[in-house]
Amino acid sequence: MKKYIQHQAPVLPVKNVLKALEFYRDVLKFDLAWVLEDTYGSVYNGNIEVHFTKSDKVEVQTLYFFVRNADQVYQFLKTQQVDFIEEIESKSWGMREFVIRDLDGHRLRIGHGERNKHEIEVLSREIG
């Protein structure tokens, strides 16, 4: 059965759900979806949603956000109070990307593809 998944939403463990929601809303400019007291909540931006669950133990996760123009997003986030782990650069695997850290240490890798369809097909054939 192909293409039965319509949407996905990662669930990030956080120490404080309300602070996580505020950071994603106020700093990263996500929209608030909903909140269940102080134990669970969700934000969204475009077609993606991120959920947060209250946890005493936070294991750091990495999320990859594909954007149309990583340079524009990078410049915008430079004006916000964001902790950059990696500055923007073109990677050998065909992505232009950078990495930031949220309040709980989760890594958000943000980028866009730089390779065209032909280059990707050639690489796919080489891989086998």
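Along the sequence shown, residues are numbered consecutively beginning with 1.
- Distance check, rounded to the nearest 0.5 Å: CG of L32 to OG of S42 gives 8.0 Å.
- Scanning both residues, L28 and N45, for their nearest heavy atoms gives O-ND2, 4.3 Å.
- Between L63 and R107, the closest side-chain pair of non-hydrogen atoms is not below 4.5 Å.
- When the side-chain contact (heavy atoms from CB on, under 4.5 Å) test is applied to Y44, the partners found at least two apart in sequence or on another chain are D31, A33, E49.
- Applying the side chain to side chain donor-acceptor pair (under 3.5 Å) rule to H106 yields no partners; only residues at least two apart in sequence or on another chain are considered.
- Outside the 6.0 Å centre-distance limit, the rings of H112 and F66 are not counted as a close aromatic pair.
- Linking Ile, Leu, Val, Met, Phe, Trp and Tyr whenever their side-chain heavy atoms come within less than 4.5 Å leaves V11 and I48 in two separate clusters.
- Residues meeting the side chain to side chain donor-acceptor pair (under 3.5 Å) test with K91, sequence neighbours left out: E86, E89.
- Residues satisfying the side chain to side chain donor-acceptor pair (under 3.5 Å) criterion with N47, sequence neighbours excluded, are absent altogether.
- The distance from atom CD1 of I100 to atom CG of L77, rounded to the nearest 0.5 Å, is 5.0 Å.
- The distance from the CG atom of D83 to the CZ atom of R101 is 4.5 Å, given to the nearest 0.5 Å.
- Across all their heavy atoms, A20 and V14 have their closest contact at CB-CG1, 4.0 Å.
- Of all non-hydrogen atoms in T53 and V17, the two that sit nearest each other are C-CG2, 3.9 Å.
- Here the straight-line distance linking atom CG of D104 with atom CZ of F23 works out to 9.5 Å at 0.5 Å rounding.
- Between V60 and G105, the shortest heavy-atom distance links the atoms CG1-O, 3.1 Å.
- Every pair passing side-chain hydrogen bond (donor to acceptor under 3.5 Å, both in side chains) that includes a residue from residues 4-29 is listed here, sequence neighbours excluded: Y24-D102.
- For the pair H51 and Y40, the minimum side-chain heavy-atom distance is below 4.5 Å.
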Take F65 and V50, measure what side-chain contact (heavy atoms from CB on, under 4.5 Å) needs, and give me the verdict at the end.
-> CA-CA 11 Å; F65 295 132; V50 179; 4.1 Å; yes
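- Both V35 and L12 are assigned to one and the same hydrophobic cluster, defined by single-linkage of ILVMFWY side chains at heavy-atom distances under 4.5 Å.
- In this structure, CG in L18 is found 10.5 Å from CD in E37, a value given to the nearest 0.5 Å.
- Put simply, V67 and V43 are part of the same group of oily side chains (I, L, V, M, F, W, Y) that touch within less than 4.5 Å, one to the next.
- By the 30° and 60° cut-offs, the orientation of the rings of F98 relative to F84 is tilted.
- L108 and V99 are not part of a single hydrophobic cluster, where members link through side-chain heavy atoms under 4.5 Å apart.
- Each salt bridge (charged side-chain N to carboxylate O under 4.0 Å, His left out) pair with one or both residues in residues 65-74, not counting sequence neighbours, appears once here: D71-R96.
- Residue E87 qualifies as enclosed at atom CD: its count of foreign heavy atoms under 6.0 Å is above 12.
- In this structure, the separation between CG on N69 and CD on Q75 is 10.0 Å, given to the nearest 0.5 Å.
- Clustering ILVMFWY residues whenever any of their side-chain heavy atoms sit less than 4.5 angstrom apart, transitively, puts I85 in a cluster other than the one holding L103.
- Between A70 and G111, the shortest heavy-atom contact is CB-CA, 3.9 Å.
- The side-chain heavy atoms of M95 and Y64, taken from C-beta on, include a pair separated by under 4.5 Å.
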